[in-house]
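Bear in mind the structure is a predicted one, so any value in this text is a computation, not a measurement. Just so you know, residue 1 is the first one in the sequence shown, and it goes up from there. The analysis underlying the following values was restricted to heavy atoms, covering all of them including side chains, and did not include hydrogens, waters or symmetry mates.
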Amino acid sequence: MSCVLVTGAQGFIGQVLVQRLLCEGLSGRAIDKLVLVDLAFDDPHGDARVQRISGSLADPAVLAAAMHEQPATIFHLASVPGGASERDPALGRSVNLDATLALIEACQALAKPPRLVYASSIAVYGDQPESGASEDQLPQPAISYGAHKLACEILLADASRRGWVDGCSVRLPGIVARQGENAGLASGFMSQLFWRLAQGQTIVLPVSPSGSCWWMSAKTCVDNLLHLGSMDSSRWDARRSYQMPVLHLDIAEVVAALAQRFGVDAAQLVRFAPDPVIDRIYARYPPLATPRAEQLGLRHDGNVAALIAHALGAAAPAAITAP
């Protein structure tokens, strides 16, 4: 039986990933069992292949239930976002570090080491150089969230060396376009910008128009996750950690493209009120070189127009039905 486990399954990326797994399968094969873990779920799921487990992965009982079906592939997306982690360090550590380590260690008890794709973050880099960045630059996390993500990358590589898992970490950039205010997500302004302009609503951005970010749609993010979940792991190096390729775009460039797409007046709808901390951490990214990731087949959205089309198309998954 082919069983896949997705943690953080009710989240923005998780919902898109679940839909794709149920509709397309993995490695060209249909999914027999899909175990989903998150704090809570919406309406009951209609697909008989789906098992939902409500609760925190930091709870040993929840972790044990998640591993009961002997998953062959694990997509570990569950986390407490950076902003929320800074406000509640104990919660951030229990989920982002301790629960991830517990998940990795629990894989030792499985009959066969599972493929484990871990969603890390660009937060591992910390402050960015002005002249240009590389997937191989020295990580220097500026917040606890990034420190925990980096620690888990190292722990996953070591567990893979020991043969507990066949794991890989992939660093996610700003993924758009999440709906809602995303109070715990300091980079939530990136997604709010899409929805506010699409609906002709005003928005105050906590960054300057000249600020630049690394952008990716949920669709392309999931494309990359599925690719790592099914590819030949002999192509991975000993670090087993890769940066998703990104679109490097100025805030003003994205605003202009959205305004053109939806026929709105950006000057009337968008106001800039830079927050020094958010502007420095989330909107000062230089161009990023990712040749190692691209050699593996990881991709970005291509251009700003494709980013907008992909982001708004994948942001609200339709109800899933059995194929």
Side-chain angles (χ1 to χ4, degrees), residues 1-19 21-22 26 31-82 84-85 87-121 144-145 147-149 151-160 162-169 183-185 225 229 320:
M1 176 178 286
S2 173
C3 177
V4 176
L5 167 63
V6 179
T7 74
Q10 189 63 25
F12 172 53
I13 298 168
Q15 291 186 60
V16 179
L17 175 61
V18 167
Q19 181 185 24
L21 285 169
L22 288 173
L26 186 63
I31 302 298
D32 297 317
K33 184 79 172 182
L34 186 59
V35 179
L36 310 180
V37 178
D38 214 317
L39 294 176
F41 291 93
D42 295 335
D43 297 334
H45 205 290
D47 195 306
R49 295 172 292 173
V50 172
Q51 176 187 355
R52 288 174 161 182
I53 301 171
S54 298
S56 172
L57 202 66
D59 181 343
V62 172
L63 176 58
M67 303 299 279
H68 179 73
E69 296 292 336
Q70 298 275 317
T73 304
I74 301 171
F75 292 95
H76 181 35
L77 310 180
S79 69
V80 176
S85 296
R87 291 192 295 272
D88 191 341
L91 175 63
R93 171 176 169 157
S94 69
V95 175
N96 297 339
L97 180 60
D98 297 340
T100 300
L101 177 57
L103 173 64
I104 293 171
E105 292 181 337
C107 291
Q108 296 178 78
L110 298 179
K112 181 181 178 181
R115 170 67 55 89
L116 198 164
V117 179
Y118 171 59
S120 186
S121 168
S144 297
Y145 175 76
H148 294 154
K149 288 292 188 181
C152 290
E153 289 184 15
I154 296 169
L155 292 167
L156 180 58
D158 186 57
S160 298
R162 290 182 175 276
W164 300 351
V165 297
D166 183 18
C168 179
S169 301
L185 196 66
L225 291 173
I320 302 166

Is the backbone N or O of Ala102 less than 3.5 Å from a side-chain atom of Glu105, with the two atoms forming a donor-acceptor pair by type?
-> no

Could you note down all residue pairs passing salt bridge (charged side-chain N to carboxylate O under 4.0 Å, His left out) where residues 89-104 supplies at least one of them, sequence neighbours left out?
-> Arg93-Asp98

In short, Val35 meets Glu69 closest at the heavy-atom pair CG2-CG, 4.0 Å

Are any of the side-chain heavy atoms of Ser2 and Leu26 separated by less than 4.5 Å?
-> no

Contact check, side chains of Pro81 and Tyr145, non-hydrogen atoms, under 4.5 Å | no

Minimum side-chain heavy-atom gap Ile13-Leu225 below 4.5 Å = yes

Let me see the working for Ile104 and Tyr118 under side-chain contact (heavy atoms from CB on, under 4.5 Å), right down to the final yes or no.
-> CA-CA 10 Å; Ile104 293 171; Tyr118 171 59; over 6 Å; no

With no hydrogens and no angle check, is any side-chain donor or acceptor of Thr73 less than 3.5 Å from a backbone partner on Arg115?
-> no

What closest approach, in Å, do Val37 and Phe41 show between heavy atoms, and which atom pair accounts for it?
-> C-CZ, 3.8 Å

Side chain to side chain contact (heavy atoms under 4.5 Å, CB included) test vs Gln10 passes for just one of Asp42, Leu39, Val18, namely Asp42

Which value, rounded to the nearest 0.5 Å, describes the distance between Leu103 atom CG and Leu5 atom CG?
-> 7.0 Å

For the atom pair OG (Ser79) and CG (Leu57), what is the distance rounded to the nearest 0.5 Å?
-> 11.5 Å

Is the backbone N or O of Lys33 less than 3.5 Å from a side-chain atom of Gln51, with the two atoms forming a donor-acceptor pair by type?
-> no

Smallest separation among heavy atoms of Ser120 and Lys149, with atom names = OG-CB, 3.6 Å

Would Cys107 and Met67 count as a side-chain contact (heavy atoms from CB on, under 4.5 Å) if you check the C-alpha gap in whole Å, the side-chain angles of each, and the deciding distance to 0.1 Å?
-> CA-CA 8 Å; Cys107 291; Met67 303 299 279; 3.9 Å; yes

Heavy-atom side-chain proximity of Leu77 to Val6 below 4.5 angstrom = yes

Do His76 and Cys152 have side chains that get closer than 4.5 Å, going by heavy atoms?
-> no

List the steps and the verdict of side-chain contact (heavy atoms from CB on, under 4.5 Å) for Asp88 and Val80.
-> CA-CA 9 Å; Asp88 191 341; Val80 176; over 6 Å; no

Do Thr100 and Asn96 have side-chain heavy atoms sitting under 4.5 Å apart?
-> no

